[in-house]
There are 2 protein chains.
Amino acid sequence: MTERSTEPRRPTIKEVARLAGVSHQTVSRYLRSRNGLKPDTLSRIDAAVSELNYRPNLVARSMRTRRTGRLAVLLPTMFYNPARMLHGATEAAHEAGFSVEAVSVIGDVETRTERMLEIVGTGQVEGVLALAPISPRAGDQLPQGGTIVVAADFDDQMRGIGELADASPLVAIMEGLVEFGHRRFFHVAGNLQFASARARKAAYLETVERLGLESAGVVDGDWSGKSGYDAVHSLSDEQMPTAIVAANDIVASGAIRALVERGLDVPGDVSVTGWDNNEACQYLPPGLTSVELNLEGLGRNAMLSLVKAISGRELEPAPRPLQHVIWRESTGPTTCR
Amino acid sequence: MTERSTEPRRPTIKEVARLAGVSHQTVSRYLRSRNGLKPDTLSRIDAAVSELNYRPNLVARSMRTRRTGRLAVLLPTMFYNPARMLHGATEAAHEAGFSVEAVSVIGDVETRTERMLEIVGTGQVEGVLALAPISPRAGDQLPQGGTIVVAADFDDQMRGIGELADASPLVAIMEGLVEFGHRRFFHVAGNLQFASARARKAAYLETVERLGLESAGVVDGDWSGKSGYDAVHSLSDEQMPTAIVAANDIVASGAIRALVERGLDVPGDVSVTGWDNNEACQYLPPGLTSVELNLEGLGRNAMLSLVKAISGRELEPAPRPLQHVIWRESTGPTTCR
DNA sequence: CCGCAAATAGTGAACGATCACTATTTCGAG
DNA sequence: CTCGAAATAGTGATCGTTCACTATTTGCGG
């Protein structure tokens with residue numbers, strides 16, 4: 001590991017002012033906007049700033065302006081990989097002049113909610129973007145002086161909101177499978193505390209209904225491979241569908257293993273689909289039909305709504321579409337059985 | 001999405017003091033340590049604090065103490081999933097009283113380094129933990145007043161340091177494969193800017209040498225499935241090894257696909273191993289022999305060295321071992337060919 | 001060259017905590 | 001009861017910036 005440290009005191013606005021032969025307030029104005037200064041004054045300050053290598057003390061600025069310019073992102077740790085969403089979110093926040101604190105909490109909804117309220121309570125952050133479910137009661141418990149909260153994957157009515165919970169690719173998947181001749185489906189859902197899991201389950205049920213399909217049912221899972229594995233093993237031979245729509249690629253991988261263990265071929269006997277376009281699942285045979293996500297874009301757009309709520313600024317959203325189906329070998333025409 | 005906001009001014013130390021009938025300095029002492037106060041005074045302040053729901057203004061405290069209590073973690077975005085390491089790191093930082101800012105940068109080493117220097121330069125953070133490679137020149141460019149940098153996966157001599165680069169499980173894998181009868185190996189390395197990739201490559205070469213094995217060579221990859229896929233397809237039939245040691249599970253999945261495409265069975269013809277214990281690779285047949293990592297522990301320990309360098313505090317490290325081999329179906333005895 | 005508005009620059013207070021002192025109270029020994 | 005050190009509490013300055021003013025300079029029509 002490499003370690004370095006130096007600790008000379010940093011120059012202040014007054015030292016810059018003295019060197020430039022102006023008042024500290026003039027330097028302050030220079031920092032805010034370079035308008036309203038004579039060209040001569042401006043260049044003298046320019047010179048002083050670069051000579052002293054001056055950087056404003058943001059803590060002092062925060063103190064006076066009562067704005068910290070900091071946001072927090074609450075990350076889930078157990079169920080899916082939020083790193084790319086975090087990236088999109090931090091980039092967007094950076095564009096809007098905010099820095100982002102990452103908070104990841106292992107535990108249940110209540111633990112996460114408590115931790116989030118604690119963070120808001122310190123007044124250190126101006127807002128929180130929750131990428132993991134939090135308690136719907138959180139809004140009421142916000143401490144006075146508390147800040148805005150945007151929960152991107154959750155709302156008070158337990159319904160998903162926005163792009164994160166857009167389940168339309170699932171409809172596209174099922175329609176594609178129907179074209180392949182499939183009539184009997186099965187869905188292994190994700191953790192239903194996540195709006196995305198609820199939305200996919202709802203979309204599955206609606207599509208079964210709308211297209212008059214058979215369904216071997218829905219098993220509520222937890223985004224894990226084991227949940228897919230167990231769900232398939234729980235089916236009797238008579239129940240066995242010809243197409244399994246899994247909540248994500250991990251669940252699908254568990255389902256595929258269980259199918260293989262039962263002597264069934266994918267996609268010969270049963271087609272399987274996932275979600276997230278997991279790289280390993282693209283390569284390992286059979287390449288898994290999945291939904292490619294622009295996770296950075298989803299993270300960005302979630303952050304945009306927080307930024308807008310706090311500062312009113314509207315930044316450019318990520319270009320659509322943010323998700324689309326990629327068909328691979330794990331899906332195919334039904335065979336006579 | 002849920003949004004809430006309230007903005008009554010927060011109470012200050014002086015208001016607490018007035019309510020408790022003491023001086024503001026007494027309240028300040030109360031906040032630092034409750035010692036040296038009369039029980040009566042203490043309980044009066046206790047009452048005042050809870051009545052006003054007082055929380056100290058950390059920005060004001062930072063201003064006076066010249067300590068921000070903030071650290072930054074520089075995350076890689078392209079190659080592997082740092083979310084669990086980030087979690088371990090933030091937990092450790094939290095224990096030591098620091099908050100953590102997440103910075104993820106797409107781009108090359110120079111881009112990351114520049115961004116890191118920018119962050120240090122603002123004086124907002126007391127230290128940076130780099131989980132992605134940064135330029136070895138970064139130390140020299142640290143701005144004056146700059147803070148300590150710990151690069152957990154890199155050092156000036158391009159050699160890996162510490163647990164992140166511990167390649168001993170690779171030796172265990174190869175020894176196990178030798179017991180299975182394997183003599184002819186192949187290694188697909190990760191991105192060699194990462195110390196872990198360099199360490200695994202070095203361990204592979206040393207073990208080949210030490211045990212007098214045959215090697216079909218090493219292909220330098222980039223942690224991607226494609227790199228494993230291409231590497232295997234680049235081999236002639238004569239070169240084909242009986243065991244492929246891949247830099248991680250994704251690379252292994254690409255290798256397996258290429259093997260299957262060439263009509264080879266895993267593990268019947270060729271054994272394959274990965275690294276990271278990717279959940280999908282555990283389930284999809286053949287279950288991949290891999291290295292389970294305590295990523296939270298690795299993140300924690302990396303953060304501990306930063307915390308120690310900054311504050312001198314030594315926290316409890318994660319219990320060892322932090323990685324161990326898990327044997328699965330993708331490895332087996334050699335067959336006569 | 002005057003007068004007056006607009007443009008530009010300066011002054012001192014304030015943000016909310018801690019630091020470095022000084023002041024007061026407490027309490028046991030003599 | 002007094003003295004003096006230890007324990008406890010108070011006072012005012014300070015951190016580096018911006019805010020709310022006031023002061024000065026500039027530019028231009030008459």
Side-chain angles (χ1 to χ4, degrees), chain A residues 7-46 48-49 52-70 97 121-124 126 144-145, chain B residues 7-46 48-49 52-70 97 99 121-124 126 143-145:
Chain A
E7 199 86 49
R9 213 177 47 69
R10 298 165 64 114
T12 75
I13 207 176
K14 293 199 175 170
E15 298 172 54
V16 173
R18 193 179 319 133
L19 185 60
V22 298
S23 76
H24 65 114
Q25 172 60 5
T26 300
V27 179
S28 178
R29 267 188 284 261
Y30 164 93
L31 294 173
R32 286 242 143 274
S33 77
R34 299 160 161 251
N35 307 328
L37 295 183
K38 274 197 202 168
D40 173 52
T41 313
L42 199 145
S43 67
R44 287 214 315 280
I45 301 181
D46 260 334
V49 162
L52 295 175
N53 190 24
Y54 169 81
R55 309 287 298 269
N57 181 323
L58 299 179
V59 171
R61 178 178 290 169
S62 279
M63 167 125 184
R64 181 69 245 225
T65 61
R66 299 158 156 286
R67 301 211 35 228
T68 62
R70 295 171 61 191
T122 65
Q124 294 262 74
E126 297 186 41
Q144 61 170 1
Chain B
E7 199 87 46
R9 213 177 48 71
R10 297 165 65 115
T12 75
I13 207 176
K14 294 200 173 168
E15 297 170 55
V16 174
R18 192 180 317 133
L19 186 60
V22 297
S23 77
H24 64 114
Q25 172 61 4
T26 300
V27 178
S28 178
R29 267 187 285 263
Y30 164 94
L31 293 174
R32 285 241 143 272
S33 76
R34 302 165 159 245
N35 307 328
L37 294 184
K38 275 199 206 168
D40 174 51
T41 313
L42 198 145
S43 67
R44 288 215 312 282
I45 300 179
D46 261 333
V49 163
L52 295 175
N53 190 25
Y54 169 81
R55 309 287 299 267
N57 181 323
L58 300 178
V59 171
R61 177 179 292 170
S62 279
M63 167 125 184
R64 182 68 245 226
T65 61
R66 300 158 158 285
R67 302 215 29 231
T68 61
R70 295 170 62 191
S99 63
T122 65
Q124 293 262 74
E126 297 186 42
Q144 60 170 3

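In what follows, chains are A, B, ... by sequence order, proteins preceding strands, each numbered from 1.
With sequence neighbours excluded, no residue forms a side-chain hydrogen bond (donor to acceptor under 3.5 Å, both in side chains) with T65(A). For A60(B), the side chain to side chain contact (heavy atoms under 4.5 Å, CB included) partners two or more places apart in sequence, or in a different chain, are M63(A), N57(B). Contacts of S62(B) classified as side-chain hydrogen bond (donor to acceptor under 3.5 Å, both in side chains), with partners at least two apart in sequence or in another chain: none.
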Heavy-atom protein contacts under 4.0 Å, nucleotides 13-21 of chain D, coded B base, S sugar-phosphate only, - none: BBBBBBBB-
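In this structure, the side chains of Y30(B) and V49(B) come closer than 4.5 Å at one or more pairs of heavy atoms. In this structure, I13(A) and L31(A) have side chains that are in contact, with non-hydrogen atoms separated by less than 4.5 Å. Side-chain contact check for H24(B) versus V27(B): every heavy-atom pair is 4.5 Å or farther apart. Counting heavy atoms from C-beta outward, R55(A) and T122(B) have side chains that approach closer than 4.5 Å.
Of the residues in residues 36-46 of chain A, G36(A), L37(A), K38(A), T41(A) come within less than 4.0 Å of DNA chain C through at least one heavy atom, sorted by number.
At the heavy-atom level, V22(A) lies under 4.0 Å from the strands shown only through sugar-phosphate atoms.
Distance CZ/R44(A) to NZ/K38(A): 9.0 Å, rounded to 0.5 Å.
Counting all heavy atoms, side chain and backbone alike, A48(B) lies closest to A20(B) at CB-CB, 3.9 Å. Between P11(B) and N53(B), the closest heavy-atom pair is CG-O, 4.4 Å.
Rounded to 10°, the angle separating the first-five-pair axis and the last-five-pair axis of the helix from dC1(C)-dG30(D) to dG30(C)-dC1(D) equals 40°.
Taking only side-chain nitrogens and oxygens, S23(A) comes nearer than 4.0 Å to OP1 or OP2 of dG10(C).
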